[in-house]
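Notes to accompany the following structure.
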Amino acid sequence: MLRNPSILPGACLALMSLSAAAQTGSAGSGTAFNPKISLILVGTYADYGSTAEPDVGGVVLGPETEFKPAGLSLGESELVVESNVDTLFHAKAIIALENEDGETVVAVEEAYADTLTLPAGLSLKFGRFLSDIGYLNRVHAHAWEFVDAPLVYRALLATQLRDDGVQLRWVAPTDLFIEMGAEALRGQGFPAGGDPRDGVNGYTGFLHLGGDVGLGGSWRLGLSHLKADADNRATGEDVTTLFTGDSDVSIADFVFKWAQDGNPANRNLVFNAEYFHRKEDGNLEYDPDLVVPDNQTSTYSGKQDGYYAQLIYQFIPRWRVGVRYDRLTADNAVSNPAAGTSLETLADNSFDPQRMSAMVDFSNSEFSRVRLQYNRDESRPGGEDDDQVFLQYILSLGAHAAHQF
């Protein structure tokens, strides 16, 4: 994710230009340029029972995986602009504004274009976007069913895989929903990353199947795979360890949705679950700034598995309850550990992290939501338990596109 406080004036100027264009229209085509513009506001109160570092046993976390600040905090505010460019292209940009250490930080969440008129069920997307691997990866945080991401996403994808690249998608002309796609990525997003990227350093492929069940039910099954190259990807906080090698992530996901009489306004239910398997092989360079005689490079082979399952039930209009369970396992091995270290597993995998969550939320309309959530977090190395409580609000201003299935 690109973050640069100095581009805030430029971002504001660009939005002023978009507004002017919306008023004047396109003289050449004779039709008004009328983009959808919306602003998402998110705020959270968080209380943690433990002051220990928010690590996850068996893995070394990627960037931007820290907990939300304790107490009251303003989360990312997302500015969304999207429109059909012409008869060939649609474009969308999502700019995140947040406060970090007293400074306003601008982050380009997504900025991409996709085609509108390719033949034979094909579509092409290019730019910066959330990958279509898994189910939850492409869903923005304000549309999650819980305050935080599942443990397996935080541990194995640094919350979400976002990268610069191109995606080709095909939807079959059949009654059964069949969708296939592939992505070629720059490889900057974790678990790739490291040295400055050029070329293509990450590939994904995905298959989605779906259909209806009776009057009010529908389902979707997904299989996806990520193959990424890491070059001196930094791991660890106190002491830097650089990883160079291959990272392969396979995901199976399932979603079932039900609405009473096919109308979700009164009563509906959503169940979804995902299973991840990640395998990494390569070399570790322990503390590259430390000069040692020899054996500073070690061979690493790691396997991590994880899953989550969650159930959300709207029992009366505007009120929902939900439960979620997360679990991870790891089997990491480091041969010929670096001289002077005890680095034999890269991360403590002597126990299996898990977490139980429950939430209740109220949505006065499709534009506002207030959520109360409790986590029983048992994911830290050493098994230190943590009781966590969150109170969150999500407000949407302006036109906002419907979320995908």
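Residue numbers count from 1 along this sequence. Given the structure is predicted, the values throughout are model-derived calculations rather than measurements.
Between Asp132 and Arg138 there is a salt bridge, since at least one side-chain N of the basic residue sits less than 4.0 Å from a carboxylate O of the acidic one.
Relative to the ring axis of Phe146, Arg324 places its NZ or CZ within 45° and under 6.0 Å from the centre. Cation-pi contact between Lys125 and Tyr112: present, with separation from the ring centre below 6.0 Å and deviation from the ring axis of at most 45°.
Between Val370 and Gln392, the closest side-chain pair of non-hydrogen atoms is not below 4.5 Å. Residues Leu185 and Val200 fail the side-chain proximity criterion, which asks for heavy atoms closer than 4.5 Å. Between Phe276 and Val249, the closest side-chain pair of non-hydrogen atoms falls below 4.5 Å. Using a 4.5 Å heavy-atom threshold, the side chains of Leu157 and Ile133 count as touching. Within the 4.5 Å cutoff, the side chain of Asp305 has heavy atoms near those of the Tyr275 side chain. Counting heavy atoms from C-beta on, the side chains of Tyr325 and Tyr308 never come closer than 4.5 Å.
To the nearest 0.5 Å, the span separating CD1 on Ile394 from NE2 on His142 amounts to 7.5 Å.
By the salt bridge (charged side-chain N to carboxylate O under 4.0 Å, His left out) test, Arg320 is found to be paired with Glu145, Asp361, residues two or more places apart in sequence or in another chain being considered.
You'll find the ring centres of Tyr374 and Phe390 outside the 6.0 Å limit.
In this structure, a donor-acceptor pair under 3.5 Å is absent between the side chains of Gln188 and Asn201.
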